[in-house]
Structure formats: structure tokens, C-alpha cells
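Excluded from the calculations below are hydrogen atoms, water molecules and symmetry mates; all remaining heavy atoms, backbone and side chain alike, are included. Just so we're clear, the structure is a prediction, and the values are computed from it rather than from any experiment.
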Amino acid sequence: MAELIIHSERIKQNIKDLSDFFKSNNIEWSLVTKVFSGDKTFLKTILTKDVIKNINSVGDSRLTSLRNLRAVNPDLRTIYIKPPAEVYADEVVEYADISLNSSLSTIEALNQAAKKQNKVHQIIIMIELGELREGVRRDDIIDFYEKVFNLSNIDVIGIGSNLGCMYGVEPTYDKLLQLSLYKELISAKFNKELKYVSGGTSITLPLIENKVVPKEINHFRVGEAAFFGLSPLENKQFNNLHTETFEFYANIIELKEKKLVPDGIINDANIGHTTDYDESNVQETSYKAILDVGLLDVDKGDIEAEDKDISFVGITSDMLVIDVGTNKDKSGNVKYKVGDKIKFKPSYMGVARLLISKFIDKVYKNDM
């Protein structure tokens with residue numbers, strides 16, 4: 001069976017290093033674990049006491065994942081990192097200490113749920129700063145906050161934004177300054193201090209490093225940098241974090257010399273994806289390897305073969321076909337045979353999908 005290797009000690013060290021980085025910049029942070037889809041083995045392996053002691057909260061965008069977080073560690077402070085569906089208000093209050101919100105009717109539902117559970121639910125209100133994802137329109141902010149501040153079982157602890165996740169609007173000093181100014185406006189208008197200005201995610205980290213984040217920005221929600229060691233803005237290593245944290249291996253189940261061009265009438269009935277081919281190469285051949293992974297497990301665009309001589313041929317629901325050329329190395333020796341493994345580097349989305357797949361083995365390694 002194909003397997004995903006998870007270097008748990010490297011990930012844990014990344015989290016500790018990020019905690020030190022944020023602390024040195026007077027910023028609190030929430031660790032976003034959604035890439036692991038609430039996997040209990042991961043939660044037990046990674047979220048040890050020494051790792052989470054300097055984290056404000058652990059967050060996810062799925063209620064089942066938050067439920068698993070609580071099952072593994074009942075004392076963990078949790079944050080629901082997307083606006084909740086109104087129908088799940090009871091579950092959100094039960095499993096999340098904090099939630100990010102942008103809808104008044106949902107916050108009212110959370111207030112009612114908190115009343116029933118005899119709790120005070122904390123919220124961060126998201127502001128739209130140009131990404132056109134979740135967020136209250138800037139013209140509506142004062143009216144929105146006025147209504148929410150009057151709710152009996154809701155504690156508004158902050159203001160936040162989300163940049164770079166959909167259209168890729170870059171977080172800049174000016175964008176974050178807008179957020180901090182809205183915080184000052186609200187505090188002055190209602191004589192109420194907002195504890196947190198949640199300025200962003202892994203994509204915003206270089207701004208902290210370059211000392212161009214307004215001092216009022218004091219909370220971040222970070223996942224990708226912790227688990228992959230990267231800042232998505234330029235997809236580069238951040239602050240010497242470990243980047244070799246995941247490896248994916250698929251098994252060769254067939255390896256034969258075959259033609260470059262398919263033979264027969266081609267229609268639209270296929271369920272897979274293929275690369276383009278040149279019909280002038282109809283007589284040419286190369287060695288094709290079939291691997292035991294498919295679209296049900298991962299998209300081909302989310303895994304990159306370590307061997308740069310390998311090229312993609314096609315993928316179906318449960319098999320991936322690659323081209324290994326002459327299947328010879330520079331010395332003329334055979335490179336691959338049936339039973340060998342092909343190593344890939346998975347992307348963030350690749351890891352997320354591989355972890356969800358029940359057809360992929362997950363192997364934790366403690367090496368640094």
C-alpha cells in the first residue's frame with residue numbers, strides 16, 4: 001500500500017520555534033491543524049504538553065476535528081477558524097471556545113446556544129479587506145459591532161481579517177494598518193477594548209520578520225508554516241523551519257515498455273486525467289510504470305516526483321501512470337522494477353487529501 005511518511009519531531013520543533021518567534025514579537029498565535037482533518041493519532045503524537053504550552057489555541061475548520069481535539073485533550077483551548085453554519089451553533093459552542101464570525105444571525109444563534117449551555121462564547125469578527133472571502137463590509141462595521149456588543153452570552157474579543165487565501169490579495173502594511181485602525185475606531189466608539197487584532201496566517205509571517213507589521217496586530221492563525229516550514233507568499237522556507245516534514249511513496253505495480261500514443265478512438269468517457277501527446281510519435285515507445293495511487297487519494301498536481309526524469313502520463317480513480325523513459329540510469333543500469341517505490345514530495349493540499357484517504361498508510365517517524 002502507498003504510504004505517507006510524517007516526520008513528527010520536525011513538525012513539533014517547527015511549532016516550538018514558531019512559538020518562540022511569536023513571543024519575541026509580542027504576538028499570540030493559534031495553531032491551525034485542518035490539514036490533519038482531526039486525525040487522533042496526529043493529535044496525540046504532535047500536540048504534546050511541551051508543544052502546546054505557548055500556543056493561544058488550536059484551531060480547525062471542521063466540527064468533527066474540534067470534537068477530536070477535545071477528546072484527546074479536554075483542557076485544550078479551541079478556535080473554529082471559519083464562520084460557522086448557523087444550524088451548528090450548539091456544536092460550535094460545545095467544541096470551540098472561540099469562533100471567527102461575519103454574520104449577525106449566526107452570532108445571535110451562538111448567543112442562544114451559549115445561554116442553553118450556560119457559557120460565554122468568545123468571537124473574533126472578521127472584516128473584509130479586499131480578498132472577497134469572509135468578512136463584514138467596512139461600511140457596516142460600526143452598526144454590526146453595536147448589535148453584537150449587546151448580546152448577553154457573547155464576548156467579542158477581537159477583530160480579524162483573512163488575506164491571500166482565495167484571490168491571493170497580499171497582506172501588506174497598509175492592509176494590516178487598516179485593520180488596526182478599525183480596532184481603534186471600535187474601541188473609541190463603544191469604550192470597549194478588543195483584546196486581539198488577528199492579522200492573518202502563514203502568508204503574513206514575512207511581514208513580522210521584516211518588522212513591517214503594525215504593533216496593534218497581536219494574533220495570528222498559522223498552519224502551513226508549522227507543518228511545512230514555508231511561507232506561502234513566496235513558497236520559501238521561513239525562519240529556518242524544517243521543510244522536509246512529509247514524504248509520499250507509491251508502489252510500482254506494473255512496468256512495461258509501451259507506445260507513447262494511445263491506440264484507438266478517443267472519446268470523453270474516460271474518468272481520469274492524461275497529459276497531451278504528439279500523434280507524430282505514434283511509433284515511439286518508452287517505459288511506463290503504474291503506481292498504486294489514484295484520484296481518490298490525491299490529485300497529480302499536488303505531488304512532485306523526487307526523480308526529475310519521471311513525467312506524468314495519466315491518472316484514474318485508483319492508479320497513476322508515469323513515464324520513466326528508457327528506465328536506465330547514466331551507467332546503463334535498470335533504474336526501476338515492479339515492487340520498487342517512487343518517492344514524491346506532497347504539497348499542502350496533497351498531504352490533506354492523502355491523510356483523508358483510508359487507502360494510504362500513515363507512518364510517523366521521530367527522526368530530526
Side-chain angles (χ1 to χ4, degrees), residues 18-32 55-57 59 79 81-83 98-104 107 122-149 155-226 230-236 238-239:
L18 280 170
S19 289
D20 292 340
F21 172 78
F22 282 120
K23 185 177 181 180
S24 69
N25 286 278
N26 298 312
I27 293 172
E28 293 187 44
W29 74 297
S30 298
L31 175 65
V32 177
I55 297 174
N56 174 286
S57 53
I79 178 170
I81 61 164
K82 70 177 181 183
I98 311 164
S99 61
L100 309 184
N101 286 269
S102 58
S103 170
L104 181 60
I107 297 172
Q122 297 181 326
I123 67 170
I124 294 173
I125 295 176
M126 303 298 283
I127 306 301
E128 162 56 41
L129 291 181
E131 179 71 0
L132 302 182
R133 215 177 81 160
E134 78 272 26
V136 178
R137 293 191 314 166
R138 282 165 273 188
D139 292 345
D140 300 331
I141 289 174
I142 297 299
D143 183 56
F144 192 96
Y145 269 87
E146 185 172 25
K147 292 174 181 176
V148 173
F149 278 145
D155 181 18
V156 184
I157 63 169
I159 185 171
S161 70
N162 206 330
L163 293 168
C165 286
M166 191 167 75
Y167 281 100
V169 174
E170 287 191 19
T172 61
Y173 177 85
D174 289 342
K175 288 286 186 184
L176 296 179
L177 182 62
Q178 287 179 43
L179 188 64
S180 61
L181 290 174
Y182 282 121
K183 179 258 187 185
E184 295 299 325
L185 175 64
I186 293 162
S187 296
K189 174 72 175 177
F190 299 104
N191 193 28
K192 182 177 176 65
E193 187 64 26
L194 297 177
K195 184 175 182 180
Y196 296 114
V197 182
S198 189
T201 59
S202 295
I203 198 172
T204 321
L205 288 173
L207 274 70
I208 305 176
E209 194 174 41
N210 296 327
K211 306 297 182 184
V212 288
V213 171
K215 61 182 177 59
E216 292 82 7
I217 306 297
N218 60 3
H219 179 261
F220 272 65
R221 312 174 306 275
V222 172
E224 189 161 354
L230 301 171
S231 169
L233 186 61
E234 297 178 335
N235 203 37
K236 291 183 178 179
F238 178 73
N239 206 34

- Beyond-backbone contact of L18 with F238, side-chain heavy atoms, under 4.5 angstrom: yes

Would a 4.5 Å heavy-atom cut-off, applied to side chains only, mark N26 and N218 as touching?
no

Side chain to side chain donor-acceptor pair (under 3.5 Å) test vs R221 passes for just one of S57, S198, S30, namely S198

* V148 vs I123 side-chain heavy atoms within contact, under 4.5 Å -> yes

Within the 4.5 Å heavy-atom criterion, are I127 and Q178 side-chain neighbours or not? no

Under 4.5 Å between any side-chain heavy atoms of P83 and S103, yes or no? no

CD1 (I55) and CZ (F22) are apart, to the nearest 0.5 Å, by 10.0 Å

Output for pair (I141 CD1, I186 CD1), nearest 0.5 Å, gives 5.5 Å

For V222 and A226 the tightest heavy-atom approach is CG1-N, 4.2 Å

* **Donor-acceptor contact present, side-chain S202 to main-chain A225, <3.5 Å** => yes

Value for CD1 (I203) from CG (N235), rounded to nearest 0.5 Å, stands at 10.5 Å

One should read off an interatomic distance between L176 CG and I217 CD1, to the nearest 0.5 angstrom, of 5.0 Å

Closest heavy-atom pair, F220 versus T204, reported as atoms and distance to 0.1 Å, is CE2-CB, 3.4 Å

Heavy-atom nearest pair, L100 first then I81, reads CD1-O, 3.3 Å

Can you confirm whether I125 sits close enough to Y182 that some side-chain heavy atom of one is under 4.5 Å from a side-chain heavy atom of the other? no

In this structure, CD of E128 is separated from CG of D139 (nearest 0.5 Å) by 11.5 Å

- Flag the pair T201 / V32 as yes when at least one side-chain heavy-atom distance between them is below 4.5 Å, and no otherwise. no

Sequence neighbours excluded, the answer for ring-ring contact (aromatic ring centres under 6.0 Å, His included) partners of F190 is F149

Hits for side-chain contact (heavy atoms from CB on, under 4.5 Å) against N25, two or more places apart or cross-chain, chain-then-number order -> F21, I27, I208, K211

- Task: Kindly check if the number of other-residue, nucleotide or ligand heavy atoms within 6.0 Å of CG (N191) is above 12?
- Result: no

Rounded to the nearest 0.5 angstrom, the NZ-CD distance for K189 and E146 is 6.5 Å

Tightest non-hydrogen contact, residues S161 and L179, listed as OG-CD2, 3.7 Å

G158 and Y145 have their tightest heavy-atom pair at O-OH, 3.4 Å

Note, K183 side chain near E193 side chain (heavy atom, < 4.5 Å):
yes

